[in-house]
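Here the structure is a predicted model, which is why all the values come from computation and not from measurement. Chain letters run A, B, ... following the sequence lines, proteins first, then strands; residues in each count from 1. When reading the values below, keep in mind they use all heavy atoms of this one structure, side chains included, and skip hydrogens, waters and symmetry mates.
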2 protein chains.
Amino acid sequence: MSNEPVRGPGSPTLEDVARVAGVSRATVSRVVNGVRNVDPEIQETVRQAVAVTGYVPNNAARSLVTRRVGSVALVVSGAGEEEDEVGEDGFSTRQIFGDPFFGRVVGGIVGYLRPRGIHPVLMLADTADARSQVLAFLRQGNADGALLVSTHAEDPLPRLLTEAGQPAVLFARPARPLAISYVDCAHHDGGSLAADHLVARGCDRVATIAGPLDVPASQDRLAGFQNAMARHGRPYVPVVEGNFTLGSGVTAMERLLVEHPDLDGVFAANDLMAQGAVLVLREHGHRVPDDVAVVGFDDSSAALACRPQLTTVRQPVENMAAEMASLLLTTLDQPDRRVTSVVFEPTLVVRQSA
Amino acid sequence: MSNEPVRGPGSPTLEDVARVAGVSRATVSRVVNGVRNVDPEIQETVRQAVAVTGYVPNNAARSLVTRRVGSVALVVSGAGEEEDEVGEDGFSTRQIFGDPFFGRVVGGIVGYLRPRGIHPVLMLADTADARSQVLAFLRQGNADGALLVSTHAEDPLPRLLTEAGQPAVLFARPARPLAISYVDCAHHDGGSLAADHLVARGCDRVATIAGPLDVPASQDRLAGFQNAMARHGRPYVPVVEGNFTLGSGVTAMERLLVEHPDLDGVFAANDLMAQGAVLVLREHGHRVPDDVAVVGFDDSSAALACRPQLTTVRQPVENMAAEMASLLLTTLDQPDRRVTSVVFEPTLVVRQSA
DNA sequence: TGGGAAAGGGAGAGCGCTCTCCGTCGTGCT
DNA sequence: AGCACGACGGAGAGCGCTCTCCCTTTCCCA
């Protein structure tokens with residue numbers, strides 16, 4: 001084993017390490033990747049050679065032959081439309097990345113992927129153009145698969161991905177049945193939890209601010225809420241549709257207050273809208289929860305930022321996101337496994353607002 | 001040009017396209033990459049062959065020879081420490097990704113990069129382990145360079161990156177001088193803007209909630225604020241240190257209220273803390289802005305979510321983030337250019353809280 | 001009309017790695 | 001002692017692409 005520093009023009013290659021260690025390229029590869037048995041003594045020699053040369057494997061060369069790059073795409077689909085354009089490229093993305101719910105998703109995914117040495121590539125797919133960009137990206141082998149967080153129902157991307165045969169896992173069940181893995185939450189049960197809690201609290205005149213009704217999750221939360229209320233003998237519940245933003249919660253609550261000034265309970269389909277509702281209620285002089293109880297959904301950071309802090313239906317988002325990543329990696333390792341989906345149960349987190 | 005579908009075992013390669021088009025591999029490559037002159041007629045033939053075969057270039061093979069992968073790392077450095085661990089892998093990341101300020105940064109970066117077909121790889125570097133992971137990632141050629149958003153001062157990563165000769169651009173000036181490009185905001189001027197506004201409003205007993213004082217941005221905001229106040233004849237301003245979270249704003253405001261119950265103006269070094277301050281003030285029966293005026297910093301979504309909406313010093317974060325990406329791409333194209341930095345001017349956004 | 005340059009296409013050598021095959025041992029069994 | 005087999009290292013063929021040469025063709029100008 002010679003001891004000269006070994007400087008190629010660029011960074012050291014397997015060949016360099018092999019030369020220093022006095023073995024073949026194949027052996028170094030075996031040691032680096034830990035495949036097959038290699039004599040412990042030789043292993044040690046190779047490791048030292050790696051250290052001496054400062055060798056780092058070139059991932060491009062590796063994936064060229066393995067057909068795996070060791071990274072996944074994190075696709076946020078159907079974010080904002082054309083609105084909110086600023087500057088040459090448009091910053092319509094601000095909204096989605098600022099969403100505390102989305103923050104939890106990313107956190108969960110990164111938490112799972114990172115210990116495994118995998119890092120997500122952030123992509124937006126809000127236009128047809130962007131969608132084909134995502135597809136091309138995957139087909140070029142820039143990522144092994146996709147984690148897809150869709151924000152609206154008619155997103156064509158899940159279908160496109162399955163058609164292209166690209167491994168993917170969705171956050172939330174697709175609007176129409178599709179042979180694709182997904183992770184979801186039992187939104188229906190979540191709606192029930194909210195209803196049960198409001199009724200148990202003694203609320204009698206209850207309304208709800210639903211999410212966009214083309215999204216399955218919104219439908220389920222609403223249905224679960226309505227069914228449970230019906231079970232409690234209140235078959236008719238005023239409903240106003242929002243779009244999951246704080247602003248829409250404000251608007252919805254204002255409308256509810258006009259139409260039903262004697263409300264004593266509100267279930268909002270997410271925390272941001274619940275926060276908006278609370279703001280309006282307080283501005284109109286209603287105490288929360290004494291006059292009107294408010295229940296949110298998600299248990300996002302908005303629930304804590306709100307005053308009073310929100311009682312909310314908690315989705316185990318981080319766990320769901322981690323499961324999503326886990327499912328994808330499994331799919332990658334066993335390509336012919338059939339699609340699997342996992343549904344998590346929500347829980348009620350009681351704080352001050354109800 | 002034969003018309004059979006041409007099915008290799010995997011996806012079609014340059015070779016396949018060349019065969020279909022009846023030209024050489026090199027020519028197809030030239031057409032695909034748009035380099036050198038190629039006879040228009042042949043170009044057309046090749047394009048058709050590409051369409052017929054459904055050819056997509058393999059990026060691994062390409063970067064193996066070009067030494068460029070066409071992606072950059074977006075590194076969030078020094079996020080949470082060991083706190084907030086949940087599940088096997090820890091979700092300490094929740095906080096940072098939920099931060100509305102961070103959302104704007106990501107939005108700005110993605111907005112700039114996306115039209116250029118580049119997508120950021122999300123990485124966390126909150127531990128020594130994670131830092132070497134980032135370094136290895138770059139050295140393996142998984143990304144061409146790094147965009148670094150540091151949240152605390154003593155982050156060693158900027159230095160590590162320069163030492164490793166990896167192209168990188170920072171968000172915010174490094175704590176100690178370093179030969180590295182960065183983008184920043186004139187925090188000092190921002191602090192002055194806040195002071196001027198509070199004084200102009202007639203506030204006389206003003207305090208400030210500073211950010212963590214080991215961060216240059218916090219220092220500058222504070223200094224700018226204090227200097228301007230001194231200029232207005234108020235050399236002594238009560239200061240409490242926070243850490244940029246809503247909770248710390250709450251704590252800080254409570255302390256200020258105890259020590260200076262007759263306050264009539266507060267400058268918080270970011271919106272989240274300002275929001276916390278407003279919550280406390282209102283809980284204690286102070287009207288905002290009538291009794292106490294509050295000015296925040298950042299103009300994040302928290303400024304809008306807050307009631308009353310925050311008057312705040314706006315950092316053009318999206319533009320700054322875009323500039324950061326732009327600087328990095330320039331560096332990649334011209335490796336021997338010397339480091340450059342850009343500093344943006346903040347502006348005052350007057351809303352209801354002051 | 002000859003010569004030179006420019007234009008444009010093809011051949012082929014790698015980029016750095018993995019992986020299959022093959023050869024060479026050492027070992028245990030008959 | 002002979003043989004089969006397992007263990008382990010090396011050789012070499014690519015993975016799909018880019019890019020430097022080199023060769024042919026065309027065209028312009030003297």
Atom CG of B:Leu64 and atom C1' of C:dA13 are separated, to the nearest Å, by 13 Å
Taking the cut-offs as 6.0 angstrom to the six-membered ring centre and 45 degrees off its axis, would you call A:Arg116 and A:Tyr112 a cation-pi pair? yes
From the candidates C:dT18, C:dG9, D:dG16, the one with an atom nearest any side-chain atom of A:Val65 is C:dT18
Overall bend of the helix from C:dT1-D:dA30 to C:dT30-D:dA1 (five pairs an end, 10° steps) is 40°
> Within the pair A:Arg68 and C:dT18, is there a side-chain N or O less than 4.0 Å away from OP1 or OP2?
Replying inline: no
Taken to the nearest whole Å, CD/B:Glu41 to C1'/C:dA7 is 16 Å
>> Using a 4.0 Å heavy-atom cut-off, does B:Val35 contact any base of the nucleic acid, only the sugar-phosphate backbone, or nothing at all?
In response: nothing
From the candidates D:dC15, D:dT18, D:dG9, the one with an atom nearest any side-chain atom of B:Thr66 is D:dT18
### Message
Any carboxylate oxygen within less than 4.0 angstrom of a Lys/Arg side-chain nitrogen, looking at A:Arg68 and A:Asp333?
### Response
yes
Check whether the side chain of A:Arg25 and the base of C:dT18 form a donor-acceptor pair under 3.5 Å. yes
- Task: Record whether the side chain of A:Arg30 comes under 3.5 Å of the base of D:dG10 through a donor-acceptor pair of N or O atoms.
- Result: yes
Between CZ of B:Arg62 and C1' of C:dG16 the distance, given in whole Å, is 18 Å
Regarding the side chain of B:Thr27, the nearest nucleotide among D:dG9, C:dG9, C:dG16 is C:dG9
_Regarding A:Asp129 and B:Arg114, does a basic nitrogen lie under 4.0 Å from an acidic carboxylate oxygen?_
no
Separation of D:dC15 atom C1' from A:Asn59 atom CG, nearest Å, is 14 Å
Contacts of A:Ala61 meeting side-chain contact (heavy atoms from CB on, under 4.5 Å) (sequence neighbours excluded), chain-then-number -> A:Asn58, B:Leu64
Test item: A:Gln166 side-chain N/O and A:Gly145 main-chain N/O as donor-acceptor pair under 3.5 Å
no
message: Tell me whether A:Thr27 contacts the main-chain N or O of A:Val23 through its side chain, where contact means a donor paired with an acceptor under 3.5 Å.
response: no
Separation of D:dC17 atom P from A:Gln140 atom CD, nearest Å, is 10 Å
Testing D:dG10, D:dC15, D:dC17 for proximity to the side chain of A:Val23, the answer is D:dG10
**OP:** May I ask you to say whether B:Arg19 pairs ionically with B:Glu15, meaning some side-chain N is under 4.0 Å from a carboxylate O?
**Re:** no
With the side chain defined as heavy atoms from C-beta on, B:Leu14 is closest, among C:dC19, D:dC17, C:dG16, to D:dC17
Between B:Ala60 and B:Ala26, the residue closer to the 5' end of DNA chain D by nearest nucleotide is B:Ala60
Assign each of B:Ser24 and A:Asn33 the nucleotide of DNA chain C bearing its closest heavy atom; nearer the 5' end lies the nucleotide of B:Ser24
